[in-house]
Amino acid sequence: MKLEEKEFRTDKWEYLLLGVCLMFYLLFPIIDGPVWCVDSEGYVSMHISREPLYPSFLALCRWIAGIWKADALMIAVVLQSILAGMAAWFVGWVVRRAKQGSRVLQTAAIVFQFAVTLLNRFAAKRGSAYSDSILTEGLGLSLFVFFSAFLFLFIRTEKKRYFGWALVFSFLLVSLRKQMMITLLILGVILVWYELIRRRRVRRFLCLAVMVAAVFFAGKLFDRTYQYVVRGVWMEHSGNSMGILCTLLYSSDPERDAGLFTDETIRELYLEIMEQADAQQILYPYAGSGWLTTAIHYADSYDAIGYGIINPVVEGYIAEHFQLSEPEAAMQYDEICKEMRNTLFRQEPLPLLRGYCYNTWQGLVNSVAKAHPVLSLYAAAVYLFMGAAACCLVVQKKKIERRLSESVGEVAEEYEELVRQIDASLCFTMITMAGIVINAVVVGLFIFAQPRYMIYGMGLFYTACCMIAWDLYACWRKGILYKF
């Protein structure tokens with residue numbers, strides 16, 4: 001049975017909330033101005049290693065600034081703040097639409113988006129809101145909220161336009177950060193769960209899967225087109241192999257792994273990199289014991305290996321032995337890193353696997369809290385609560401459906417509505433948890449799982465918790481809560 005949500009007009013309450021959301025996020029550029037970060041220069045200068053969307057967005061802001069005689073970075077953070085406000089309002093609207101017009105849950109959904117921003121501004125070491133920073137997260141956090149909300153609307157209503165919007169936001173995210181390839185995996189997992197397992201519609205699933213694949217290739221095309229316009233070369237942005245190479249080098253043992261290389265030049269570069277890394281004690285043997293200690297050591301070592309050693313060594317070798325243009329040098333750099341990466345995949349897997357598991361767990365913790373001995377226990381507890389509460393809701397749903405077959409009239413309508421409410425909460429939770437888990441698993445493999453990469457679903461997670469708790473309370477009020 002296809003489920004429809006209640007429609008709500010955009011009333012004064014909605015306009016009020018939208019105004020509050022916009023004012024909240026616009027306060028940060030007014031108070032702090034544009035926040036310049038370590039990575040900002042690469043985006044502003046359109047560095048060849050950066051994905052195309054954010055440099056293009058900043059170029060558009062510079063064009064607008066030239067017309068308005070204004071500061072380009074200020075225009076960028078104002079637009080990012082407006083987008084963040086609209087995203088917070090929209091997810092609240094979606095929750096209200098799905099939960100019988102509940103203004104309580106709508107407000108909670110918005111407050112959780114605010115809370116993530118406030119944590120970054122006042123509690124985190126960075127001391128600034130991402131919507132106010134010259135970083136991909138300035139757009140990415142908001143775009144991911146839109147993506148998740150539209151995917152939820154599609155599953156609940158099966159309206160094609162919502163799936164189309166989910167694909168649009170997936171494309172934008174993929175073009176913003178290669179990490180956001182996870183949106184394609186999220187789409188794949190959700191479509192398998194809904195279209196194949198629940199609905200058993202193979203043909204429809206295949207059609208939708210082709211559309212998801214089209215987003216992947218569209219992202220590749222946009223990347224190459226951008227590089228062609230900027231540099232006159234038909235290529236993708238460089239550095240795609242460097243991320244996981246840092247991880248492979250971190251867990252590598254040069255005495256054991258040097259023999260894996262068949263290319264003498266690549267071997268010499270590898271040994272030079274490892275010698276410098278060993279001298280700085282930024283390899284796995286120096287990590288110490290315990291998952292958090294290892295994860296923190298890996299995080300501290302990652303950029304030191306990549307930007308402090310790999311780049312100078314490999315780029316220095318290229319500059320010394322070749323006379324190449326910037327795009328040609330970047331492609332040569334990618335070839336060397338790719339060859340080194342492919343070789344190191346054959347290393348002893350245990351240190352790599354152990355480090356990956358620690359990093360992935362850190363990612364899961366950072367998705368809902370902060371990597372810390374105490375907060376990691378809190379994260380485990382809140383995940384267990386989410387899982388137990390969701391399982392309890394499934395049991396309640398089955399119990400209500402049995403009662404529904406024995407009921408008529410108003411009682412039957414109440415039970416039908418409660419089943420719809422539980423379905424909505426479980427669907428929202430499924431999409432949210434798919435995003436968190438897939439992000440942690442993927443990021444854990446390629447790069448250190450710092451909060452900046454993990455908080456995309458934080459506000460959505462606590463919204464899902466509230467939705468589940470709301471339905472359990474509704475079951476309790478009706479006297480049908482199953483007590484284990």
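Every value quoted in this text rests on a predicted model; they were computed, and no experiment measured them. Along the sequence shown, residues carry numbers from 1.
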The criterion is salt bridge (charged side-chain N to carboxylate O under 4.0 Å, His left out); which residues satisfy it with [X], sequence neighbours excluded?
{"X": "Asp471", "answer": "Lys99"}
{"X": "Lys398", "answer": "none"}
{"X": "Lys397", "answer": "Asp423"}
{"X": "Asp39", "answer": "Arg50, Arg452"}

> Stepwise, does the side chain to side chain contact (heavy atoms under 4.5 Å, CB included) test hold for Cys61 with Leu79?
Replying inline: CA-CA 9 Å; Cys61 292; Leu79 291 177; 4.1 Å; yes

Atom pair [atom1] ([X]) and [atom2] ([Y]), whose distance is rounded to the nearest 0.5 Å:
{"X": "Leu375", "Y": "Tyr378", "atom1": "CG", "atom2": "OH", "result": "8.5 Å"}
{"X": "Ser252", "Y": "Gln347", "atom1": "OG", "atom2": "CD", "result": "5.0 Å"}
{"X": "Leu472", "Y": "Met467", "atom1": "CG", "atom2": "CE", "result": "12.5 Å"}
{"X": "Tyr456", "Y": "Ile182", "atom1": "OH", "atom2": "CD1", "result": "8.0 Å"}
{"X": "Phe448", "Y": "Thr247", "atom1": "CZ", "atom2": "OG1", "result": "10.0 Å"}
{"X": "Met211", "Y": "Lys160", "atom1": "CE", "atom2": "NZ", "result": "7.5 Å"}

> Of all residues at least two apart in sequence or in a different chain, which pass the side-chain contact (heavy atoms from CB on, under 4.5 Å) check with Phe216?
Replying inline: Met181, Leu184, Lys220

>> Is the distance between the ring centroids of Phe461 and Phe428 under 6.0 Å?
In response: no

Listed by chain and number, what are the side chain to side chain donor-acceptor pair (under 3.5 Å) partners of [X], not counting sequence neighbours?
{"X": "Asp32", "answer": "Arg121"}
{"X": "Tyr307", "answer": "none"}
{"X": "Gln280", "answer": "none"}
{"X": "Ser238", "answer": "none"}

[X] side chain to [Y] backbone, donor-acceptor under 3.5 Å:
{"X": "Asn359", "Y": "Phe446", "answer": "no"}
{"X": "Ser40", "Y": "Cys37", "answer": "yes"}
{"X": "Tyr356", "Y": "Val441", "answer": "yes"}
{"X": "Gln80", "Y": "Ser133", "answer": "yes"}
{"X": "Asn366", "Y": "Ala449", "answer": "yes"}
{"X": "Thr294", "Y": "Trp291", "answer": "no"}

> Would Glu51 and Arg177 pass as an ion pair if we require N to O under 4.0 Å?
Replying inline: no

> How far apart are the C-alpha atoms of Tyr298 and Tyr250, what are their side-chain angles, what is the distance that settles it, and do they pass the ring-ring contact (aromatic ring centres under 6.0 Å, His included) test?
Replying inline: CA-CA 8 Å; Tyr298 167 69; Tyr250 177 78; 5.2 Å; yes

With a 4.5 Å heavy-atom cut-off, do [X] and [Y] have their side chains touching?
{"X": "Leu176", "Y": "Pro52", "result": "no"}
{"X": "Phe114", "Y": "Cys21", "result": "yes"}
{"X": "Ser301", "Y": "Leu283", "result": "no"}
{"X": "Leu249", "Y": "Ile309", "result": "no"}
{"X": "Gln421", "Y": "Trp470", "result": "no"}
{"X": "Phe171", "Y": "Leu143", "result": "no"}
{"X": "Ser49", "Y": "Asn240", "result": "no"}
{"X": "Arg224", "Y": "Gln227", "result": "no"}

> Passes side chain to side chain contact (heavy atoms under 4.5 Å, CB included), Gln362 versus Tyr358? Steps please.
Replying inline: CA-CA 6 Å; Gln362 183 185 31; Tyr358 291 163; over 6 Å; no

>> Test side-chain hydrogen bond (donor to acceptor under 3.5 Å, both in side chains) on Ser241 and Tyr333; report intermediate values, then the result.
In response: CA-CA 9 Å; Ser241 298; Tyr333 173 91; over 6 Å; no

Exercise: identify the closest heavy-atom pair between [X] and [Y]:
{"X": "Ala287", "Y": "Thr293", "result": "O-CG2, 3.1 Å"}
{"X": "Ala424", "Y": "Phe152", "result": "O-CE1, 3.3 Å"}
{"X": "Ser425", "Y": "Leu393", "result": "CB-CD1, 4.3 Å"}
{"X": "Ser81", "Y": "Ser131", "result": "OG-O, 3.7 Å"}
{"X": "Cys337", "Y": "Ile310", "result": "SG-CG2, 4.3 Å"}
{"X": "Phe154", "Y": "Leu208", "result": "CZ-CD1, 4.0 Å"}

>> For Gln113 and Tyr25, which I'm curious about, is there any donor-acceptor pair between the side chains at under 3.5 Å?
In response: no

> Under 3.5 Å, is there a donor-acceptor pair linking the side chains of Trp89 and Glu14?
Replying inline: yes

>> Let's go through Val116 and Leu141 carefully: what are the C-alpha distance in whole Å and the side-chain angles of both, what is the deciding distance for side chain to side chain contact (heavy atoms under 4.5 Å, CB included) to 0.1 Å, and is it a yes or a no?
In response: CA-CA 10 Å; Val116 174; Leu141 295 174; 5.6 Å; no

>> Test of understanding: with ring-ring contact (aromatic ring centres under 6.0 Å, His included), list the residues that count as partners of Tyr462, not counting sequence neighbours.
In response: Phe112

>> Run the side chain to side chain contact (heavy atoms under 4.5 Å, CB included) test on Ile282 and Asp300 for me, step by step, so that the C-alpha distance in whole Å, both residues' side-chain angles and the decisive distance to 0.1 Å come before the verdict.
In response: CA-CA 8 Å; Ile282 52 176; Asp300 293 339; over 6 Å; no

Anything under 3.5 Å between a donor and an acceptor, one on a side chain of residues 64-78, the other on a protein residue two or more places apart or in another chain? List them.
unit_1: Asp71; atom_1: OD2; unit_2: Met74; atom_2: N; d: 2.9

>> Test: ring-ring contact (aromatic ring centres under 6.0 Å, His included). Region: residues 33-57. Which pairs qualify, not counting sequence neighbours?
In response: Tyr43-Tyr54, Tyr54-Phe57

> Under the criterion ring pair (Phe, Tyr, Trp, His ring centres under 6.0 Å), which of Phe146, Phe147, Tyr162, Phe90 is the partner of Phe169?
Replying inline: Phe146

>> Heavy-atom count check: over 12 atoms from other residues, nucleotides or ligands less than 6.0 Å from Trp165 CH2?
In response: no

